[in-house]
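Worksheet: the structure to be examined is printed underneath.
The structure presented is a predicted model; accordingly, all values stated were derived computationally and were not measured. Side-chain atoms are counted along with the backbone in the values below, which use heavy atoms only and exclude waters and symmetry mates. Letters A, B, ... mirror the listed sequences (proteins, then strands); counts begin at 1.
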2 protein chains.
Amino acid sequence: MSSAAQPIEPPADAGAAPAFSPLYQQIKALLVRSLQGGEWKPGESIPSELELAARFKVSQGTVRKAIDELAADGLLVRKQGKGTFVATHAEEHVQYRFLRLTPEEGASPPVERRVLDCRRLRAPADVARTLELKSGEAAVLVRRLLSAQGKPVVLDDIWLPGALFKGLTVEKLTGWRGPMYELFESEFGVRMIRAEEQIRAVAADAATAQWLEVAAGTPLLSVERLSRTYGDKPVELRRGLYNTAQHHYRNELS
Amino acid sequence: MSSAAQPIEPPADAGAAPAFSPLYQQIKALLVRSLQGGEWKPGESIPSELELAARFKVSQGTVRKAIDELAADGLLVRKQGKGTFVATHAEEHVQYRFLRLTPEEGASPPVERRVLDCRRLRAPADVARTLELKSGEAAVLVRRLLSAQGKPVVLDDIWLPGALFKGLTVEKLTGWRGPMYELFESEFGVRMIRAEEQIRAVAADAATAQWLEVAAGTPLLSVERLSRTYGDKPVELRRGLYNTAQHHYRNELS
DNA sequence: TAGTGGTCTAGACCACATG
DNA sequence: ATGTGGTCTAGACCACTAC
């Protein structure tokens, strides 16, 4: 073979054309588009490396590098001998993928869920801004309580774009076994890819204290999470208050 | 070429021999040993991929994969056209690598440091256990205060194994400009590679409140960090209390 | 111009999963 | 036995850095 890279899209060069990207980056983008478009659903397998190589007219190694990065980003999961699969929040066995709360020695994880409320309303200004909604657009607010062995641990307020979550009701939520994000995937086609959290220490107000069964003024962990789907589109704003008496938030630095 | 993998160490098979590991994993381990042994110091460049390939008698691609992983782990840094360098806590320009504290809109990062104390004493039981010291072994305790624009934000208690940090004094610390971890690297040859943090919300006690200039009982973020060097050896236990009025702890999930 | 890391290819063989 | 991902090689060329 004489020359190497043959861009999938010819130059075309419209206006402020960004510099050329490596072939495997282009492949990566194409794969993301297919994921986004629902060509392969969560949990399903994508075509084999050789098939994709044939489809895109590149070598297996190039497809491989693209898939490697998508796997590192958590969008795909490789399983030797079986294939490559679309990552899902289902079957994140043992641990809920985004939940960093770990029980203290002797305690147990907060797995009991109780949905307190689920209503549609117009997004408050700050929520609208964060979720990139037009002001006054509809939003869904879910309030729920997570407990461990009967003791409440987390009080969550979850804001979702109304347009994406049309039929979300208390019944749907309470009837669901398994991670909430799995419901979002299967029922609403919204896959959470990554998220950013901002953590602060705050004092429990009267209402919160009641829900969490602590004294007003008790220090709580405030965890504000913005979750994004493909294309970094924000699709969930979650405000959690954690009682860290029997649990802690764990993090790894490198 | 007929066959591919030729393990660097012949089978030898002593007792409960672990399964063979891929060549690039073995290379990776060898590189870590060289880093650990100080063959290449932080900030220096390591030999080129071709040199290493020759040294280890493997192809460039195999060395490359080993280096890729070490770079992903944050042990090495690649610079196109220049070479591959040993990562360092110096020149982590702008942001201190492990510090996740971010100023709120309008506030500024906590860059002013004040060393309150630095003393050698026998490690308390819990510290000794965490740092894997023999009970009663010497430890160094550093207490310091980080401030932003004159307002205290973080109160840190830092425990270090006495054996590794022999000449650490208040003068050395206060005289040092730049990240503390950089001092540890250059003066004591201890490189922090990764760390785990446990985060809780706690109420300020009287003494802490005074240092942080808040009312007693104010909710604070308790951040307990265990830092490790090569071989996952624990070398620092840091207990920080953060005032999150003007700052927050940021985290990314994926 | 020479040296470095970065991309790409083509083909071999290995390890694992399944029928 | 076949198909999948995982490892390894050898060699080409590109992009960036330095002298």
#### Entry: Under 4.0 angstrom between A/T62 side-chain N/O and C/dT9 OP1 or OP2
yes

## Note on the structure
Winner on side-chain proximity to B/L23, out of D/dT9, D/dT4, C/dT9, is D/dT9

### Message
Is A/S59 close enough to C/dA10 that one of its side-chain N or O atoms is under 4.0 Å from OP1 or OP2 there?
### Response
no

Taking distance alone, no hydrogens or angles, what donor-acceptor pairs closer than 3.5 Å link side-chain atoms of residues 78-86 of chain B to residues at least two apart or in another chain?
{"unit_1": "B/R78", "atom_1": "NH1", "unit_2": "B/D68", "atom_2": "OD1", "d": "2.5"}
{"unit_1": "B/R78", "atom_1": "NH2", "unit_2": "B/E49", "atom_2": "OE2", "d": "2.1"}

## Note on the structure
Per the 3.5 Å Watson-Crick/G-U criterion and a run length of at least three, the stems involving DNA chain C are C:1-18 with D:1-18

#### Entry: Listed partners of A/F165 passing ring pair (Phe, Tyr, Trp, His ring centres under 6.0 Å), at least two apart
A/F184, A/F188

### Query
With no hydrogens and no angle check, do the side chains of B/E185 and B/T88 hold a donor and an acceptor under 3.5 Å apart?
yes

Interface polar pairs with nucleotides 17-19 of chain D, N/O, under 3.5 angstrom:
{"unit_1": "D/dA18", "atom_1": "OP1", "unit_2": "B/K82", "atom_2": "NZ", "d": "3.4"}

### Query
Could you give the CD1-to-C1' distance, from A/I67 to D/dT4, as a whole number of Å?
11 Å

### Task
For B/F98, check ring pair (Phe, Tyr, Trp, His ring centres under 6.0 Å) against everything at least two apart and list the hits.
B/H89, B/Y181

### Task
Taking only the side-chain heavy atoms of B/V58 (C-beta and beyond), determine which of D/dT9, C/dT9, C/dG5 contains the nearest atom.
D/dT9

### Task
Under the salt bridge (charged side-chain N to carboxylate O under 4.0 Å, His left out) rule, collect the residues that match up with A/K172, sequence neighbours excluded.
A/E187

### Query
Does OP1 or OP2 of C/dC8 have a side-chain N or O of A/K65 closer than 4.0 Å?
no

#### Entry: Among D/dG5, C/dT7, D/dT7, the one nearest B/P22 by side-chain distance
D/dT7

### Query
Taking OP1 and OP2 of D/dG5, is either one under 4.0 Å from a side-chain nitrogen or oxygen of A/R64?
no

### Message
Base, sugar-phosphate or nothing for B/T84? Non-hydrogen atoms, less than 4.0 Å.
### Response
sugar-phosphate

### Message
Between A/S48 and D/dT4, is there a contact of a side-chain N or O with OP1 or OP2 at under 4.0 Å?
### Response
yes

### Message
With a cut-off of less than 4.0 Å, is there a side-chain N or O of B/R78 near OP1 or OP2 of C/dT4?
### Response
no

### Query
Which residues satisfy the salt bridge (charged side-chain N to carboxylate O under 4.0 Å, His left out) test with B/E132, sequence neighbours excluded?
none

### Query
Without hydrogens or angle criteria, can the side chains of B/E104 and B/H247 be said to hold a donor-acceptor pair below 3.5 Å?
no

### Qualifying residues under salt bridge (charged side-chain N to carboxylate O under 4.0 Å, His left out), relative to A/R129, sequence neighbours excluded
none

### Message
So, using side-chain contact (heavy atoms from CB on, under 4.5 Å) as the criterion, who are the partners of B/A53 when residues are at least two apart?
### Response
B/V63

